Amino acid sequence: MSNDFKIEYLKKLIKFNRGIYGAFAGVVIFAREADITKSTFLVFYYVSACVLFALADQYLFVYKVKTSEKNDTRYPYKLIRIRTYIYVLLISVGSIITELKHILLLAAFLMCIYTLLQDIMLCDVFNYLSNMARLLTVMFVATAIIFFARFGRQLDGIWILTFVFTEAIVLIIILVMYDIYCWTLKNLDNRYTKLYFQNSDLLAENEKLVEFREKVEKVNSEINFQKLNLTKANDDLEKSNEESRSLIEMMKYFSASFDVEKNVHVMIENIMKIKKAGSVGFLIDKGVYMNDSPYLDVISASEGSIRYIKNDLYDIYSAIKRRNSLEPLVLCYNYDYKYPYLTGAENVCNAVAFPAYENDNIYGVMVVTSSKYEFFLNGYSFYESSVMDFTSALISDRLYLVTEDMAKKDGLTKLYNRVYFNQFYPNYKEEVVSRDISLTVAMMDIDHFKNINDTYGHLAGDEVIKMVASVDDKYAKLYGGTAVRFGGEEFLLILKDTGVSRAHDILESMHKEIIESVVEFEDLKIQVNVSMGLASYPETCSKVDDVVDRADQALYYSKEHGRGRITIDGKEGE
């Protein structure tokens, strides 16, 4: 993990922790206002504790950031451990002040677990046994305090076993969390090692290709020098050097860019510039670099030719695939059309199609046209080298894109995950405010999902989640939105520049499709229903930062008033 990543992570963690502490304080205040607890001192105690936590985090994490920026390794990690002990102790001791009920009891447990989770992630001293023993001991003590403060007077005799069972469950949760963290670190390390060696192999292969190209160019230069006079040889050598320099510059660009489509455009721009071609078009089949549809880019000196080249490139690619050869295909030679392609394009005297292939598998085609006579007299090496260089870069780009996609997508549903949502959603909000458009968020939750898991099993539950996710993704793509798996069985549909009325119609269609779908698992047929909440900026809430929370509140209203319904923020009673 790079030092810059750690610094950025700590800065974000400070802000995120403030939100968590604020949410915990809000739960305590809500519990007092709702008469769940009658202790005003308990509210004062926990709110003061949250303020203390925020101030302590500000000092500890800012100090950590400063030491990391100076590459100072003397940061006392014992402070993190002491922080963990103090936070958990303060949270659990609050249960002694008064009996914690319902939401307060759950909130106290979650805060303890969240504090331990940070301890796991912030500890750079990786010792499995000592860390595990320390975490289990802290949570055991905290659970004992909270449990006996809440249920101590109610337990006697054999009922004391409930405490044992509760402690066992809590400790198992901590054990699983730590094992998942350890497994994740090991998995990421293995992936990094694998990508490192793959990249080394690619660099070695690229060096061989460069050596091969240099040998070919040297042979061509010697042959040309023998055939042509000194002036002609010098001109050809200058042209060859220009091509080589352009290829080297292009490779440098490829090595610094992971944008496949941008790389295509740079390559065909380079060919147009160096070879003074009339038109250059490049087609990549779908699925080559995680693209859902074929990608096509054309640059032409004549605007009238672009349409013909775009239309014919698909047919040319099909012909290249059927021919099953890696050699260039001459489409037109000095106005003599060999195939019925590009006949409507303007000023096409010569045209050649160059297959783009990887390990003998053709994945695309590049077509170069010109209005000049004998345009390809000097051969195809520059064009083939351009395609080969692009293919080499494409392999690296694909590895990067796959890794990036795995980090962004949920493994089960292939929707964007909560972590990536937290990264891109701030940009969404900035765009909405800057463009003065609406932002509508729909939050949905599968009704009685726990019953589905308990009745049919978790594998059947996974199928239910995948079905609802597929519908969410379908409508997101259909209406230019974004689908997110927000939680276990919670999903988001984010729509920009879409009002409440239109969004409500979309949700009704989604809801109908979901309830009419039957999830078939083995010999089971499972009916599914969902509850939905809808909020929109600025139509139902005046602050763009409140849209997700208001959608969540509307969803909660749907869950509390019959489920299987759609609730619009601000119109709960309608």
Side-chain angles (χ1 to χ4, degrees), residues 5 7-23 26 114 117-118 121 290 401 403-445 465 468-500 502-504 506-507 510 530-556 566-570:
F5 178 84
I7 293 172
E8 186 65 22
Y9 170 78
L10 287 172
K11 290 180 179 178
K12 291 182 177 179
L13 186 60
I14 294 174
K15 299 179 181 178
F16 186 79
N17 279 357
R18 291 173 184 168
I20 293 296
Y21 300 148
Y114 177 72
L117 180 61
Q118 287 190 69
M121 299 181 69
M290 301 181 66
L401 292 172
T403 304
E404 185 182 47
D405 187 69
M406 290 173 65
K408 292 180 179 178
K409 298 292 182 67
D410 171 59
L412 178 65
T413 63
K414 307 307 177 186
L415 299 183
Y416 288 128
N417 57 34
R418 180 72 171 272
V419 174
Y420 184 60
F421 166 80
N422 293 333
Q423 296 175 5
F424 76 74
Y425 187 62
N427 296 331
Y428 264 51
K429 294 188 291 185
E430 290 180 4
E431 180 184 357
V432 165
V433 174
S434 63
R435 292 177 56 193
D436 193 23
I437 60 176
S438 60
L439 176 64
T440 301
V441 175
M443 182 176 291
M444 62 198 76
D445 182 272
I465 288 177
V468 175
S470 68
V471 175
D472 191 12
D473 187 49
K474 170 185 173 182
Y475 280 82
K477 292 178 179 178
L478 188 61
Y479 295 101
T482 304
V484 178
R485 186 179 183 188
F486 198 65
E489 64 270 18
E490 288 185 334
F491 303 89
L492 293 182
L493 176 62
I494 305 172
L495 300 169
K496 290 188 291 188
D497 203 15
T498 302
V500 170
R502 178 58 174 157
H504 186 263
I506 295 172
L507 290 188
M510 287 180 62
V530 296
S531 298
M532 298 181 175
L534 177 66
S536 180
Y537 165 82
E539 199 166 342
T540 70
C541 54
S542 58
K543 295 182 178 179
V544 70
D545 292 331
D546 297 339
V547 178
V548 174
D549 290 337
R550 297 284 282 273
D552 187 25
Q553 294 173 19
L555 170 63
Y556 181 78
I566 304 170
T567 299
I568 300 176
D569 175 39

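What you see is a predicted model, and the numbers here were worked out from it, not measured in a lab.
When every heavy atom of Val484 is checked against every heavy atom of Asn417, the shortest pair comes out as CG1-O, 4.0 Å. The two residues Arg485 and Gly488 have their closest heavy-atom pair at NH2-O, 2.7 Å. When all heavy atoms of Ala535 and Val547 are compared, the pair lying nearest together is CB-O, 3.5 Å. Here the closest heavy-atom approach between residue Val544 and residue Tyr425 is recorded as O-OH, 4.1 Å. Tyr428 approaches Leu439 most closely through the heavy-atom pair CD2-CD1, 4.5 Å.
Within the 3.5 Å criterion, the main-chain N or O of Thr498 finds a donor-acceptor partner in the side chain of Thr440. For Asp497 (side chain) and Ser438 (main-chain N/O), no donor-acceptor pair under 3.5 Å exists by modelled atom type. Judged purely by atom type and a 3.5 angstrom limit, Arg418 uses its side chain to pair as donor or acceptor with the backbone of Phe486. Here the side chain of Arg550 pairs a donor or acceptor atom with the backbone of Thr540 at under 3.5 angstrom.
Heavy-atom neighbours of Asn427 CG from other residues, nucleotides or ligands within 6.0 Å: above the threshold of 12. Counted within 6.0 Å of OH on Tyr556, heavy atoms from surrounding residues, nucleotides or ligands total 12 or fewer; the atom is thus considered open.
Taken to the nearest 0.5 Å, the CD atom of Glu539 stands 8.5 Å off from the CD1 atom of Ile568. Interatomic distance, NZ of Lys477 versus OG1 of Thr482, reported as 11.5 Å (0.5 Å rounding). Atoms CZ and NZ, from Arg435 and Lys496 in turn, are 6.5 Å apart once rounded to the nearest 0.5 Å. With values rounded to the nearest 0.5 angstrom, Met443 atom CE is found 11.5 Å from Leu493 atom CG.
Two residues are said to be in side-chain contact when any heavy atoms from C-beta on lie closer than 4.5 Å; Tyr475 and Leu495 fail this criterion. No side-chain heavy atom of Leu534 sits under 4.5 Å from any side-chain heavy atom of Met532. Side-chain atoms of Ser531 and Leu555, non-hydrogen and from C-beta on, do get closer than 4.5 Å to each other. The shortest distance between side-chain heavy atoms of Phe491 and Val471 does not fall below 4.5 Å. Here the side chains of Val433 and Lys429 are not in contact, with every heavy-atom distance at 4.5 Å or above. Contact check for Tyr416 versus Lys409: side-chain heavy atoms found under the 4.5 Å cut-off.
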Inset, instruction - Take Asp569 and Val500 through the side-chain contact (heavy atoms from CB on, under 4.5 Å) test and state the conclusion after the steps. - result: CA-CA 10 Å; Asp569 175 39; Val500 170; over 6 Å; no
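The aromatic rings of Phe421 and Phe424 lie perpendicular to each other, with more than 60° between the two planes, well past the 30° mark.
When each of Leu415, Thr413, Asp410 is tested with Ile465 by the rule side-chain contact (heavy atoms from CB on, under 4.5 Å), just one qualifies, namely Thr413.
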